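Structure record follows, encoded as structure tokens.
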Amino acid sequence: MSIRHARPAAFAALTLGAALALSGCAAGDSGDDAESTSASTVTITDNHGEVEVPVNPEKVVALDNHVFETLSEWEIPLAAAPKGLMGDNWPEYTDDEAVGDVGTHREPDLEAVVAAQPDLIIGGYRFGDSYDDLVEQNPDAVVIEIAPREGEDAVAELKRETEILGQIFAHEDEAEQINAGLDESIAAAKEAYNGEDTVMGLLTSGGKIEFAAPVTGRAVGPVFPALDLVPALDREAEDTSHGDDISVEAIADANPDWIVVLDRDASFTEPEPGFVPAEELISGSEALKQTTAVKEGQVVYLDPSFYLTEDIQAYTHLFDQLQEAFSAA
Amino acid sequence: MSRDHGSAVHRSADGASTDSGGRPAGRLPVSDDVPPEAVPEPDIAAHHPRRPRPWRLVVAVVVVLLLLVASLLVGVYDITDGEFGAEMFWITRVPRTLALVLAGAAMATSGLVMQMLTQNRFVDATTSGTTEWAALGLLLTTLLAPAVGLVGRMVVSSVFAFVGAMAFLLILRRIVIRTTLVVPLIGIMLGAVVSAVTTFLAAQFNLLQMVSTWFMGSFTPVVRGNYEVLWIVAVVTVLVFISADRITVAGLGKDVATSVGVKYETVLIAGTALVAVAAGVTTVVVGFLPFLGLVVPNIVAMVRGDHVRSNLPWVCLGGIALVTVCDLIGRTIRMPFEIPVSMVLGLVGATVFVSLLLRQRRG
């Protein structure tokens with residue numbers, strides 16, 4: 001629970017008292033305008049435990065990439081965000097001077113968070129390391145982490161995150177729609193997959209190819225269990241987020257029927273100078289030309305922004321992409 | 001002219017290093033209180049080069065060749081499997097092995113050159129900040145002139161490496177060196193400053209991830225079509241061989257060099273340029289190969305004494321052998337995955353570096 005950390009007991013008691021009093025008032029109302037009063041709260045379970053979160057908090061700081069798309073769809077204003085990690089996917093946040101810039105997780109400007117005087121901070125994921133600082137520095141804010149947890153089913157985790165956002169921002173119906181969208185895409189992709197073809201997940205960056213393990217690998221990993229794909233190389237990841245060093249020989253040897261690739265370098269605003277596009281590295285590779293995936297053109301390139309989004313919408317889109325590719329084969 | 005003056009020069013070196021009188025400004029700074037073995041010392045063995053025992057070199061060549069054969073044979077894909085197996089051999093194994101040879105030989109010999117020019121055993125491209133400069137050059141090229149392509153990037157990287165190495169040499173000239181270890185410390189500090197700039201720029205442009213992949217020394221992505229530019233460093237290695245004596249003489253200082261008719265400044269600049277090209281090209285194609293240029297010349301000198309010219313083939317072979325062994329380890333322990341050669345090399349290199357330091361202290 002986020003409150004336990006640095007908050008003085010007296011303050012906790014006060015908050016609790018106030019919350020009780022106000023929720024008492026709210027209960028008295030028929031609930032219609034409960035949504036608009038920032039005073040009402042909802043109890044959610046974040047990655048640390050149960051937290052009481054104000055419904056429709058006035059000032060929100062979001063640091064977790066998974067939530068930007070959903071918040072953007074719901075037109076939730078942000079007080080501050082890590083603009084350096086957002087590419088040009090959400091101009092309404094990145095181009096707005098009024099939205100504070102927290103920088104990137106590698107060089108976070110946590111003072112920008114404090115300056116925003118948030119009521120709610122959605123931390124976690126890349127900013128997971130800053131959790132304690134965020135709690136300590138923002139005693140008046142509720143800090144939550146709702147990013148997909150490691151070791152849990154990725155699809156369920158994405159849906160859980162949307163659900164929590166729905167509760168906090170009183171968009172529960174929309175949240176349900178988003179979740180249903182993902183389920184549908186998965187079902188359709190599963191339907192289109194022939195159940196036999198072998199698949200390999202790869203990442204490319206700086207002209208190098210890396211292996212994304214089934215289940216745990218960045219981006220492509222969760223797709224394997226979701227669709228019951230047959231991995232062309234069934235190995236666990238040593239480096240789950242950046243992939244394992246693999247030679248083209250090893251890929252050629254595993255001879256996947258399908259290759260699904262995340263081009264990490266393609267995710268930034270302009271295609272970065274000096275980077276070798278995944279397409280050139282894989283489809284253009286002499287050593288891989290004999291693999292079924294390349295021969296048959298069965299290489300699926302993830303949306304370039306995937307590396308910066310990784311949200312439920314991105315996965316829904318990926319499953320749609322796979323469904324299309326599988327059906328066309 | 002200096003070609004055959006090897007032993008004569010070594011003798012004058014002794015004279016120079018014990019001469020505590022006013023050192024001319026051009027002389028590379030070697031403080032007088034440096035223990036004698038700290039300077040690439042012309043030891044007794046070097047005065048009388050050992051009787052040539054060519055069979056030793058032959059054995060070494062055979063060992064290295066065996067390593068290279070192993071490198072050609074080790075890999076995930078079954079190269080004996082049909083027509084494509086043979087093609088795969090030419091696509092990945094041969095280029096990779098050639099890249100190992102070229103990079104290993106060039107980095108090791110340029111380490112030796114660096115050590116001669118600075119008169120310090122602990123200097124090579126990685127401990128003088130030279131590779132960091134090359135990296136900065138590479139990053140700047142990709143940021144400012146993305147269209148220049150591979151050759152352009154290599155040129156800029158090499159130029160930066162050259163500037164960096166010269167800056168290092170100039171700083172060395174200006175300070176009083178109290179102990180030999182200060183020299184690599186200065187280099188490492190310079191490198192840290194430069195790489196901080198690189199990191200800052202990379203962070204600004206969201207390239208951190210990419211930069212760390214770039215500079216991670218690894219032969220994994222080496223295939224036909226992307227390593228050929230490494231042949232440039234073969235030229236470097238040959239040039240080092242040709243100018244070995246001149247570099248040795250220049251390493252003894254301006255006075256000595258001039259007295260035997262070597263154009264000190266010219267050799268200094270040419271030697272630095274060779275190191276810079278080797279560092280620049282290798283950084284662009286393979287990434288950082290930490291300690292390679294440090295460990296190999298030192299081991300060779302430990303075993304054979306300090307006769308640069310006759311040590312050169314050994315340094316070359318040693319560089320090739322070390323990088324090949326490290327790459328073979330990296331390739332096999334996590335098959336079908338690989339561990340970047342720089343990681344293995346860093347481990348091996350750091351161990352040797354530390355044990356050298358300890359040896360030095362005890363000595």
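All values reported here derive from a predicted model rather than from experimental measurement.
Proximity to chain A involves both the backbone and the side chain of B/R224, based on heavy atoms less than 4.5 angstrom apart. Of the atoms belonging to B/M335, it is backbone heavy atoms, and not side-chain ones, that fall under 4.5 Å from chain A. For B/F84, the part lying under 4.5 angstrom from a heavy atom of chain A is the side chain only. Contacts between B/P336 and chain A at a heavy-atom distance below 4.5 Å involve backbone atoms as well as side-chain atoms. With a threshold of 4.5 angstrom between heavy atoms, B/D78 approaches chain A through N, CA, C or O but not through any side-chain atom. Heavy atoms closer than 4.5 Å to chain B are found nowhere in A/L281, neither backbone nor side chain. With a 4.5 Å cut-off on non-hydrogen atoms, A/I246 touches chain B through its backbone and its side chain both.
Annotation: side chain of B/R334 is in contact with side chain of A/D244 (closest heavy-atom distance under 4.5 Å).
Sparse packing is recorded around CD of A/E111, with 12 or fewer heavy atoms of other residues, nucleotides or ligands lying under 6.0 Å away.
Your options are A/S205, A/S285, A/A254, and the one with the most heavy-atom pairs under 4.5 Å with chain B is A/S205. When each of B/G330, B/S212, B/G225, B/P221 is scored by its heavy-atom pairs under 4.5 Å with chain A, the top score falls to B/P221.
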- Task: Take A/Q290 and B/M88 through the test side-chain contact (heavy atoms from CB on, under 4.5 Å) and record every step on the way to the result.
- Result: CA-CA 10 Å; A/Q290 290 289 98; B/M88 188 64 95; over 6 Å; no

- Show your working on side-chain contact (heavy atoms from CB on, under 4.5 Å) between B/Y77 and A/D253 and close with a plain yes or no. CA-CA 5 Å; B/Y77 202 85; A/D253 190 59; 3.9 Å; yes

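Listed in order of number, the residues of residues 96-107 of chain A that approach chain B to under 4.5 Å between heavy atoms are A/T104, A/R106, A/E107.
The minimum heavy-atom distance between A/A287 and B/I91, with the atom names listed, is CB-CG2, 3.8 Å.
Using a cut-off of 4.0 Å between Lys/Arg side-chain N and Asp/Glu carboxylate O, B/R331 and A/E249 are scored as not salt-bridged.
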